[in-house]
Amino acid sequence: MRNIVLLTALLMMAVVLSLYDAGSGWCEDNASDAQLQNSDCVKCHPEIVHQNQQAGGKHKTEVGCLDCHEGGHPPKVPGEKIIPKCSKCHEGEEHFQLEGCLRCHQNPHTPLNIVFSGDNNMPACATCHPEQVDEIKSNPSAHAEVDCTFCHTKHGYIPSCLKCHEPHREGQQFKDCVSCHQVHQPLNVTYGDNVPNKDCGACHGDLEQELESGHTKHAKLKCVFCHKNKHGVRPACQDCHGVPHPPKMMKRFKKCVDCHVDPHNLVK
Ligand code: HEC
Ligand code: HEC
Ligand code: HEC
Ligand code: HEC
Ligand code: HEC
Ligand code: HEC
Ligand code: HEC
Ligand code: HEC
Ligand code: HEC
Ligand code: HEC
Ligand code: HEC
Ligand code: HEC
């Protein structure tokens, strides 16, 4: 134990001595020495070095402290002179034309620790996700009225619809919502052929009951088998059946439902 204390004291002295420059304030003056190495910074800026070690990403592996903070050190060189502009190294992409890089990349020593703030981030998102921005802008809805970060509060985070909305029926999950709604154009309800009848039945409960309690072959069909792809589509009987009866018979009854009554409650 004693040895450790002694060793630490010696080490500290060595550090102080190595920094000591006769005739002036020791710390700042020595730090401004052109001979400063990357390995020296930890002595006086341990927290930043620690952050950089933990989460520096390419600002740890591709560049060192002195690649960014070059040209001296306070007090010989004013502090602001050794703060680099991001454009010193990042140029030539749309993303790098944005204002205020540090608004999102709040700490240059941990550049992928991104924090969104404010409510006008859409132009920044557009530099990398132009499709989503186009989609939301060209399909007016309440979702287009809010900033992207209203929902994506952290980069890459995807919220569930249920965080903000009640489901149409009990037990409905996020994956069910997106089988009918595309979140960036929520008013265009389109779907594949897997939507269960009960999801339509959430709003058309009477028709669901009517259909499923029938005794014809229509009772076995899914809503979305007939109402394909887009909400509100009304198919014609002939789309699937053509006209299976002789013209003479059809002359007297103009409509299929004159005899078959109702596709959801078919009479045969
Ligand atoms: C990719 C460039 C870059 C690298 C690499 C970098 N820095 Fe910085 N550093 C900056 C920028 C930019 C600022 C100004 C941040 C601000 O204005 O909020 C800064 C600020 C600082 C500050 C003053 C602000 C404060 O928080 O006290 C210190 C000290 C500092 N850096 C030390 C270091 C050390 C030590 C390293 C190496 C582990 C390092 N930097 C690596 C870009 C960098
Ligand atoms: C002996 C201690 C010491 C060492 C070693 C040291 N610094 Fe500093 N550094 C300071 C002090 C003290 C300040 C504050 C000076 C001031 O504000 O006038 C400072 C300020 C800074 C600033 C802030 C400039 C500003 O005003 O925003 C940066 C950047 C910086 N150091 C980077 C480094 C880097 C990079 C290294 C390693 C290459 C390093 N320092 C090594 C003591 C040190
Ligand atoms: C001295 C050069 C230099 C400066 C100054 C600099 N960077 Fe970098 N940065 C790099 C290099 C090199 C890489 C790795 C290659 C690349 O992704 O372009 C990098 C990568 C990054 C990354 C990706 C990190 C990762 O791990 O994938 C971000 C984010 C970033 N920089 C943001 C910034 C921001 C914001 C600033 C200004 C505060 C800045 N950089 C200033 C050199 C620099
Ligand atoms: C609105 C927030 C925001 C602003 C403002 C912003 N960035 Fe980014 N930046 C991001 C996000 C989000 C990523 C993606 C990170 C990922 O891939 O995980 C990113 C990634 C990066 C990358 C790494 C990927 C690449 O394309 O090389 C660099 C470098 C970078 N930004 C530099 C900058 C610079 C320089 C500025 C200022 C001119 C800036 N950023 C402004 C949010 C922002
Ligand atoms: C510098 C480029 C860049 C910027 C700026 C950027 N992103 Fe990203 N984003 C990416 C990359 C790269 C990925 C990961 C690749 C992927 O999964 O498509 C990603 C992934 C995402 C994901 C997750 C995708 C998934 O399938 O899991 C969301 C959500 C996202 N970004 C939203 C945003 C929002 C919102 C903004 C603006 C506030 C933004 N991004 C800004 C590059 C960026
Ligand atoms: C109302 C909330 C909300 C808003 C506003 C919003 N998103 Fe999304 N975003 C989501 C949800 C939820 C998903 C997942 C959708 C899914 O899985 O089908 C998503 C998915 C994404 C993805 C992953 C790829 C994809 O298209 O599924 C990206 C990238 C993305 N959003 C970017 C953005 C951008 C950029 C904006 C702003 C123009 C934005 N989002 C606005 C909720 C939102
Ligand atoms: C972070 C909150 C949030 C999330 C997550 C979210 N929404 Fe919304 N949504 C809103 C707000 C706020 C409105 C406008 C007020 C309202 O109608 O409740 C809205 C409106 C809507 C509307 C009506 C649009 C209009 O213009 O009238 C639909 C449809 C919708 N959301 C579906 C969804 C679906 C589906 C998801 C998931 C894929 C989702 N929302 C995720 C907040 C959210
Ligand atoms: C079977 C398809 C389908 C599924 C699954 C579905 N929706 Fe809808 N949703 C619709 C239709 C169709 C409308 C439009 C009704 C209208 O025109 O009034 C709608 C309207 C909405 C609205 C607008 C306000 C309202 O209630 O009329 C919100 C919000 C919404 N859905 C959220 C959700 C959420 C959250 C989920 C998942 C829990 C979900 N939807 C699942 C088809 C669906
Ligand atoms: C959130 C409630 C909601 C859900 C879920 C819903 N609908 Fe509707 N649907 C409505 C409302 C409200 C109307 C009447 C207003 C209109 O025409 O948009 C309607 C109308 C219709 C119409 C008639 C359109 C016309 O021309 O009159 C059809 C067909 C239809 N829905 C089929 C379906 C099918 C199939 C599903 C399941 C994939 C479904 N609906 C899910 C609310 C819903
Ligand atoms: C065998 C095909 C078929 C099936 C299965 C089917 N429908 Fe229909 N549906 C039709 C046809 C055809 C019409 C148009 C009737 C007309 O125009 O007179 C229609 C009309 C509608 C309408 C418009 C209002 C009305 O009553 O005319 C709604 C709403 C509707 N269907 C919902 C549903 C729902 C919900 C389901 C599942 C529970 C479903 N349909 C299953 C063929 C079908
Ligand atoms: C999207 C396609 C589709 C539409 C639209 C459709 N049907 Fe059918 N219908 C079917 C299928 C599939 C069957 C079962 C055929 C089989 O199994 O042989 C069927 C069966 C029938 C049967 C025989 C029922 C039985 O139990 O034997 C009648 C009658 C019939 N449909 C009448 C109609 C009438 C009338 C309409 C319009 C109001 C209509 N269908 C609309 C697909 C459709
Ligand atoms: C005058 C009344 C009448 C009209 C109008 C009518 N049907 Fe029929 N349809 C019948 C009768 C009765 C049967 C039962 C024959 C049987 O079970 O052998 C039948 C049987 C069917 C069948 C089942 C055939 C099979 O092989 O099982 C289909 C499909 C059908 N009709 C479709 C239609 C369509 C589509 C229309 C409109 C273009 C239509 N029907 C108009 C009376 C009618």
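We're numbering straight along the sequence, starting at 1.
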What distance do H69 atom NE2 and C41 atom SG have between them, rounded to the nearest 0.5 Å? 8.0 Å

Under 30°, 30 to 60°, or over 60°: which ring-plane class applies to H95 and H105, parallel, tilted or perpendicular? perpendicular

Tell me whether K222 at atom NZ has more than 12 heavy atoms from other residues, nucleotides or ligands lying less than 6.0 Å away. yes

Please name the pair of heavy atoms, one in P111 and one in G56, separated by the smallest distance, quoted to 0.1 Å. CD-O, 3.3 Å

Is the Lys NZ or Arg CZ of K228 less than 6.0 Å from the centre of F225's six-membered ring, within 45° of the axis? yes

Show the nearest heavy-atom pair for residues H260 and K268, with the distance to one decimal. ND1-CA, 4.4 Å

Parallel, tilted or perpendicular for H155 and F116, by the 30°/60° rule? perpendicular

Check ion pair K255-D258 (N to O, under 4.0 angstrom): no

Considering only residues two or more places apart or on different chains, which pairs with a residue in residues 81-101 satisfy salt bridge (charged side-chain N to carboxylate O under 4.0 Å, His left out)? E70-K88

Assess whether side chain to side chain contact (heavy atoms under 4.5 Å, CB included) is satisfied between V243 and Q238, documenting all intermediate values. CA-CA 6 Å; V243 183; Q238 291 90 332; 4.1 Å; yes

Provide the closest heavy-atom pair for C226 versus L221 in the form atom of the first, atom of the second, distance. SG-CD1, 4.4 Å

What are the two closest heavy atoms between P140 and L187, and how far apart are they? O-CD1, 3.9 Å

Could you go through residues 192-206 and list every donor-acceptor pair under 3.5 Å that involves a side-chain atom there, pairing it with any protein atom two or more places apart or in another chain?
| from | atom 1 | to | atom 2 | distance (Å) |
| --- | --- | --- | --- | --- |
| N197 | OD1 | C223 | N | 2.9 |
| N197 | ND2 | E212 | OE2 | 3.0 |
| D199 | OD1 | R169 | NE | 2.6 |
| D199 | OD1 | R169 | NH2 | 2.8 |
| D199 | OD1 | Q172 | NE2 | 3.0 |

Write down the atom of H59, the atom of P108, and the distance for their closest heavy-atom approach. ND1-O, 2.7 Å

Hey, what do you get for CG (L211) to NZ (K220), rounding to the nearest 0.5 Å? 10.0 Å

Heavy-atom pair of closest approach, residues N188 and Q185: ND2-OE1, 2.7 Å

Which distance, rounded to the nearest 0.5 Å, do you find between the NE2 of H184 and the CG of D134? 12.0 Å

V178 and I158: same hydrophobic cluster, using ILVMFWY side-chain contacts below 4.5 Å? yes

For the pair D262 and E210, evaluate side chain to side chain contact (heavy atoms under 4.5 Å, CB included) and give the outcome as yes or no after the intermediate values. CA-CA 10 Å; D262 185 332; E210 201 175 22; 4.1 Å; yes

Ignoring hydrogens and geometry beyond distance, is a side-chain donor-acceptor pair present between D147 and T149 at under 3.5 Å? yes

Assign the ring pair H218 / H241 to parallel, tilted or perpendicular, where the plane angle (0 to 90°) is split at 30° and 60°. parallel

Please determine whether side chain to side chain contact (heavy atoms under 4.5 Å, CB included) holds for the pair C148 and N121, giving the CA-CA distance in whole Å, both sets of side-chain angles, and the decisive distance to 0.1 Å. CA-CA 7 Å; C148 312; N121 294 293; 5.7 Å; no

Show your reasoning for whether side chain to side chain contact (heavy atoms under 4.5 Å, CB included) applies to C180 and Y191. CA-CA 5 Å; C180 285; Y191 44 77; 4.2 Å; yes

side-chain hydrogen bond (donor to acceptor under 3.5 Å, both in side chains) partner of T190, the single match among K230, H181, Q182: Q182

NZ of K254 to CE of M250, rounded to nearest 0.5 Å, is 8.5 Å

When you compare the side chains of N107 and N113, does any donor N or O come within less than 3.5 Å of an acceptor on the partner? no

To the closest 0.5 Å, what do you measure between SG (C161) and NZ (K175)? 12.5 Å

Does either side chain, that of Q54 or that of T110, offer a donor lying less than 3.5 Å from an acceptor on the other one? no

Quick one: which residue pairs count as a salt bridge (charged side-chain N to carboxylate O under 4.0 Å, His left out) with a foot in residues 44-61, not counting sequence neighbours? none

